[in-house]
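See structure below.
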Amino acid sequence: MSVRHAVAAGLIALAGLGVPGTLQAQATPDEITIRAAVLRIDTPAEVLPASRLDLPPADLGLAGGRLATEDNATTGRFLGQRFETREVTAAPEAAAQALAQLLDDGIRFVVTLADAEETGALADQAAGRALVFNARSGAEDLRNGGCRANLLHTAPSDGMRADALAQFLVWKRWDRWLLVAGSHPEDRALAEAYRHAATKFGAKIVSDLTFEDRGGARATDSGHAQVQAQMPVFLQKARDHDVVVTADRSGVFADWLIWNTWAPRPVAGSAGLMPVSWFPGHEGWGATQWQTRFEAEARRPAREEDYQVWLALRSLGEAASRTRSGDFAALSDYIRGPDFQLAGFKGQALSFRDWDGQLRQPILLTSGRVLTSVSPQEGFLHPVSVMDTLGTDRPETGCNLGG
């Protein structure tokens, strides 16, 4: 069975039977089987995205896993290795049971798409039994005081995103910021990352505002008129600034600020110029072929979660090809070790930090259609890796995993 047919078979099983799908290639007697799972926790959205174009696809993250499984199988077939990836989606109340089933079935590598609290709980449940890759949450606590020995992160941290944008804004000499944060906990956490980045790179937050989410009818026929009238007034009393930096993880207000500021200033952060791990317009360093293959399989453009799941499963595939092993300890140690490097179509080899389990990676800056810049920016130096200028560095970490 070809890899493409294996993917199709997994999709048919998932769609037709209503059960978790498993993607795999046909085994031969001497092959080593390496099993992993993607576990996505689907929490009902409290707030719908500002645009219907941002509604999550049904296969969010899972599609990235399918491409990674196919990529791993391409190399694995020459090394006597077979890769299987089980796909599971669960509501928050069923997450523990879903993970328990995966662990009982002998799966030792689990990629999670979950919020910070759920990610930590799942990693705790898997302690001593599985290596967990966090492919969604950017929470700083998971990389600091709340870090776990069996938890790695392919999703960039809030600090990495904030630092990436801060470097660019400082390079542009737009160092006077109007910071506007949402009222939800995840918005406040992201805002704190921007405050830290401003201090770290010498920018100044001249005004610090909170946009209270009181609901509203911005999606109604007259919603645009409300936005046009209300948003500029909200910013009217802000001190003179170069740029509006938004911390709106919940997607409540940031998109509405573009073209609706009081002063004619650019918008960045959660809308406008955004720091992202991936976006469909990225073409550099061979990314076009990745995008093309993903779109052929998924029949849609890739999202960050797809790329972050792909990174996690490709890390497993890279370790398997280098160690020529399917042993859990050998693979885990190599992924964490100093020799591990992963090609991520960003111009630099990616690796995991030994002090907090975070994947080092450049951050793309984009307004959604074309690549504006890539951080780390030129001139921001580091004695070990310039990628360690993004996020929590070793001297300031609240976590030490033995590095």
Side-chain angles (χ1 to χ4, degrees), residues 1-16 20-25 36-38 40 42 49-77 83-87 89 111 113 133 135-136 154-156 251 255 274-318 342-348 350 359 361-374:
M1 180 186 293
S2 71
V3 176
R4 185 177 297 273
H5 289 165
V7 173
L11 289 175
I12 292 170
L14 181 63
T22 299
L23 309 183
Q24 62 185 53
V38 179
R40 192 183 72 196
D42 291 339
S51 170
R52 61 182 298 274
L53 298 178
D54 294 327
L55 290 169
D59 61 351
L60 181 65
L62 306 180
R66 293 165 192 163
L67 183 61
T69 301
E70 185 171 328
D71 290 346
N72 289 343
T74 299
T75 302
R77 68 165 59 96
F83 292 86
E84 294 181 4
T85 302
R86 186 178 301 183
E87 300 174 353
T89 60
V111 185
L113 290 158
F133 295 86
R136 173 175 283 168
T154 55
D255 284 296
M274 299 174 290
V276 299
S277 65
W278 195 259
F279 77 105
H282 178 44
E283 298 180 294
W285 300 292
T288 299
Q289 63 93 356
W290 190 99
Q291 307 275 21
T292 301
R293 289 189 298 113
F294 179 90
E295 290 161 7
E297 293 287 349
R299 299 181 180 272
R300 62 172 177 83
R303 300 204 182 183
E304 286 189 279
E305 291 90 341
D306 296 304
Y307 178 68
Q308 289 154 196
V309 171
W310 180 87
L311 286 174
L313 291 177
R314 278 294 297 126
S315 295
L316 179 58
E318 180 68 15
L342 181 66
F345 303 99
K346 291 184 177 180
Q348 299 188 52
L350 314 184
L359 184 71
Q361 59 179 300
I363 299 297
L364 312 178
L365 301 176
T366 179
S367 58
R369 294 180 62 83
V370 298
L371 182 67
T372 299
S373 188
V374 181

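- With sequence neighbours excluded, the residues forming a salt bridge (Lys or Arg N to Asp or Glu O under 4.0 Å) with Arg40 are Asp42, listed by chain and number.
- For the pair Thr372 and Ser367, the tightest heavy-atom approach, listed with the atom from each and the gap, is OG1-N, 4.3 Å.
- Looking at Phe279, Trp310, Phe294 one by one, the single match for ring-ring contact (aromatic ring centres under 6.0 Å, His included) with Phe345 turns out to be Trp310.
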Using distance only, find each side-chain donor-acceptor pair of residues 50-63 under 3.5 Å and give its atom names and separation, not counting sequence neighbours.
from, atom 1, to, atom 2, distance (Å)
Ser51, OG, Leu53, N, 3.0
Asp59, OD1, Arg300, NE, 2.8
Asp59, OD1, Arg300, NH2, 3.1

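- Between Thr85 and Val38 the shortest side-chain heavy-atom distance falls below 4.5 Å.
- Nearest heavy-atom pair across His282 and Gln291 is O-NE2, 3.1 Å.
- Minimum heavy-atom separation, Phe133 to Ser315: CE2-CB, 4.3 Å.
- In this structure a side-chain-to-backbone donor-acceptor pair under 3.5 Å is present from Thr74 to Glu70.
- Contact check for Pro362 versus Leu350: side-chain heavy atoms found under the 4.5 Å cut-off.
- Under 3.5 Å, the side chains of Gln361 and Trp278 contain no donor-acceptor pair of N or O atoms.
- With a 4.5 Å cut-off on side-chain heavy atoms, Arg66 and Glu87 count as touching.
- Residue pairs meeting the salt bridge (charged side-chain N to carboxylate O under 4.0 Å, His left out) criterion with at least one member in residues 276-290: none, sequence neighbours excluded.
- Annotation: side chain of Trp290 is in contact with side chain of Leu67 (closest heavy-atom distance under 4.5 Å).
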Check: Does the side-chain contact (heavy atoms from CB on, under 4.5 Å) test come out yes or no for Leu342 and Leu311, once each step is laid out?
Finding: CA-CA 8 Å; Leu342 181 66; Leu311 286 174; 3.8 Å; yes
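- A pairwise comparison of heavy atoms in Asn72 and Gly317 identifies OD1-CA, 3.3 Å as the closest pair.
- Looking at residues two or more places apart in sequence or on another chain, you find no side chain to side chain donor-acceptor pair (under 3.5 Å) involving Gln348.
- Judged as a side chain to side chain donor-acceptor pair (under 3.5 Å), and not counting sequence neighbours, Thr154 has no contacts.
- Qualifying salt bridge (Lys or Arg N to Asp or Glu O under 4.0 Å) partners for Arg314, counting only residues two or more places apart in sequence or in other chains: Glu318.
- With a 4.5 Å cut-off on side-chain heavy atoms, Arg293 and Glu297 do not count as touching.
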Next item on the list: Could you please spell out the steps behind the side-chain contact (heavy atoms from CB on, under 4.5 Å) verdict for Val370 and Thr366?
Entry: CA-CA 6 Å; Val370 298; Thr366 179; 5.8 Å; no
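- Donor-acceptor pairing under 3.5 Å is recorded for the side chains of Ser277 and Gln308.
- Side-chain contact between Leu365 and Leu371 is absent, with no heavy-atom pair separated by less than 4.5 Å.
- No donor-acceptor pair closer than 3.5 Å links the side chain of Glu305 to the backbone N or O of Ala135.
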